[in-house]
Protein chains: 2
Amino acid sequence: MNRYSKQARLLIAIDCIIFGFDGENLKLLLIHRAFEPEMGKWSVVGGFLQPDESPENAAARILKQLTGLEGVYMEQLEAFGNPSRDPIERVISLTYFALIDINKYTEQLSEEYRPEWFLLKERPELIFDHNEMVEAALKKLRYKAALHPVLFELLPEKFTLPQLQALYTAVYDAQFDKRNFSRKVLSAELLVKQTEKDKEGSKKGAFYYMLDKTQYKDKLQTFVNFVPTPDNFLL
Amino acid sequence: MNRYSKQARLLIAIDCIIFGFDGENLKLLLIHRAFEPEMGKWSVVGGFLQPDESPENAAARILKQLTGLEGVYMEQLEAFGNPSRDPIERVISLTYFALIDINKYTEQLSEEYRPEWFLLKERPELIFDHNEMVEAALKKLRYKAALHPVLFELLPEKFTLPQLQALYTAVYDAQFDKRNFSRKVLSAELLVKQTEKDKEGSKKGAFYYMLDKTQYKDKLQTFVNFVPTPDNFLL
DNA sequence: CCAAAAGTGTTAATTCTACACCCATGT
DNA sequence: ACATGGGTGTAGAATTAACACTTTTGG
């Protein structure tokens with residue numbers, strides 16, 4: 001007995017929704033689709049699952065091909081499997097979202113894909129059901145980040161509290177009280193204050209913080225409370 | 001242009017982890033696998049995705065075939081795609097979990113599958129990676145139910161507060177204070193008190209409640225707070 | 001010296017937890 | 001009448017939200 005006869009076999013795509021943060025706004029890394037149909041149109045990064053690789057590895061491979069980055073925070077999102085989602089042939093798409101430090105992304109010369117960062121709010125129309133995928137990714141990111149400390153993945157190793165607050169402001173499109181925010185964040189005991197300051201953003205300068213790596217892995221599983229009344233962010 | 005040539009096509013399985021509640025314990029509906037390999041061994045309910053059906057429809061179909069039930073609460077879980085998870089041939093499994101009212105499940109005569117309910121805690125070894133699937137489903141159920149009112153799906157239309165509390169006790173394997181529990185649950189304004197009592201459980205009898213359906217759909221998206229310190233339930 | 005952003009504390013309101021007694025009824 | 005499980009209230013603790021002034025320094 002060698003195969004399950006009589007059953008249909010389908011193509012599996014892996015699609016990655018890649019988020020970044022420019023200090024002010026959430027961004028999305030999009031590519032030009034490299035083959036027909038819809039060649040040249042904007043699309044999320046993706047590729048086909050190879051016969052011998054796990055979906056996680058495939059997602060990591062695809063991300064690395066485009067950005068050169070490894071060890072990136074990724075999370076499985078959802079399977080999109082509407083039979084007519086791809087007009088050429090049925091494809092099941094397994095989606096992932098990735099959070100990357102936008103500064104680590106050194107312009108890839110990918111002639112083939114001509115990737116570009118877009119403001120999330122100003123992203124172009126995407127092919128197929130990729131708009132839905134982005135919506136789902138954003139929703140899940142908000143949900144996840146309201147409960148767990150994952151947004152740090154979007155910042156450089158050293159960052160300031162004002163930067164962090166700007167990030168939360170961008171993700172939730174909401175204002176945070178500076179005093180309450182810093183108190184909550186620091187009370188999680190995840191951050192280590194550095195002695196240097198960032199002088200870019202202001203004359204006075206803001207202290208850098210770094211993640212306490214030992215704590216971080218444990219507390220990834222922990223509920224955080226940086227975002228008040230998460231109710232708002234669930235719809 | 002008709003197909004994406006050169007790419008491998010794979011089998012897609014849909015597997016459902018079915019939960020029930022017997023008034024005291026969480027249960028799992030398992031079947032005997034009906035074909036080789038591992039024929040006769042215990043397994044989660046599943047089937048292959050057909051060429052023209054969406055994964056959601058496939059999951060509903062498979063659930064209906066086994067239980068006769070429709071309109072059941074289901075949620076997509078995770079894609080399992082380890083290349084060697086099935087020894088015969090590579091299969092990508094899209095998993096769902098389902099919450100059913102165990103009373104609505106009238107013994108199916110499925111000769112083929114010989115399904116049985118198991119106490120979650122006393123479930124047998126399952127084939128392939130189905131043990132992992134069950135773990136993931138339980139984890140997600142706990143996570144979800146700590147934040148959203150989904151556990152009602154495991155109860156009959158009319159239920160009492162003691163029943164509901166027993167359900168939470170079973171799901172989280174933790175004790176709840178009766179007074180605090182009922183106050184929290186009722187403050188969500190999801191339940192409508194009935195005039196009749198359930199006299200099964202006690203001499204005094206406990207009032208029945210029903211979901212306020214109008215509220216329910218809205219509030220499914222709402223954070224609930226029935227479970228204290230959800231931290232414990234995330235690992 | 002002044003504009004611009006960083007940093008910090010207090011109070012009132014709300015929510016949460018812990019805890020114990022009375023009630024209704026079937027036997 | 002009593003055993004069994006159902007139902008209810010309160011007080012202290014903890015958490016959260018709202019709010020404004022001082023500090024630093026580059027220009």
Every protein N/O lying under 3.5 Å from an N/O of nucleotides 7-10 of chain C:
residue: C/dG7; atom: OP1; partner: A/Phe207; partner atom: N; Å: 3.0
residue: C/dG7; atom: N7; partner: A/Lys178; partner atom: NZ; Å: 2.9
residue: C/dG7; atom: O6; partner: A/Lys178; partner atom: NZ; Å: 2.8
residue: C/dG9; atom: O6; partner: A/Arg183; partner atom: NH2; Å: 3.1

Problem - Within 6.0 angstrom of A/Glu157 CD, more than 12 heavy atoms from elsewhere - result: no
Exercise for the section: Taking only the side-chain nitrogens and oxygens of A/Lys199, find out if one of them lies under 4.0 Å from OP1 or OP2 of D/dG26. Expected result: yes
Practice task
Assess whether atom CD of B/Glu196 is packed by more than 12 heavy atoms of other residues, nucleotides or ligands within 6.0 Å.
Solution key: yes
Handout entry: Trace of the side-chain hydrogen bond (donor to acceptor under 3.5 Å, both in side chains) decision for A/Ser93 with A/Asp15
Key = CA-CA 7 Å; A/Ser93 169; A/Asp15 287 308; 2.7 Å; yes
Practice task
Grab the NZ-C1' distance between A/Lys184 and D/dT16 for me, whole Å please.
Solution key: 7 Å
Exercise for the section: Evaluate whether atom CD of B/Gln65 has more than 12 neighbouring non-hydrogen atoms of other residues, nucleotides or ligands under 6.0 angstrom away. Expected result: yes
Exercise for the section: Scan B/Trp42, B/Tyr105, B/Phe21 and name whichever one has a ring-ring contact (aromatic ring centres under 6.0 Å, His included) with B/Trp117. Expected result: B/Tyr105
Problem - Atom-pair distance (CZ on B/Phe176; P on D/dT8), nearest Å - result: 20 Å
Practice task
Determine the sole option in A/Lys184, A/Arg183, A/Lys178 for which the side chain to side chain donor-acceptor pair (under 3.5 Å) test with A/Asn180 is passed.
Solution key: A/Arg183
Problem - Euclidean distance, atom CD of residue B/Glu196 to atom P of D/dG6 [Å, nearest integer] - result: 17 Å
Practice task
Figure out the CD/C1' separation between B/Gln165 and D/dG5, and round it to whole Å.
Solution key: 12 Å
Completion exercise
Whichever of A/Gly201 and B/Lys203 has the more 5' nearest nucleotide on DNA chain C, that residue is A/Gly201
Exercise for the section: May I have the distance from B/Phe181 (atom CZ) to D/dG6 (atom P), rounded to whole angstrom? Expected result: 13 Å
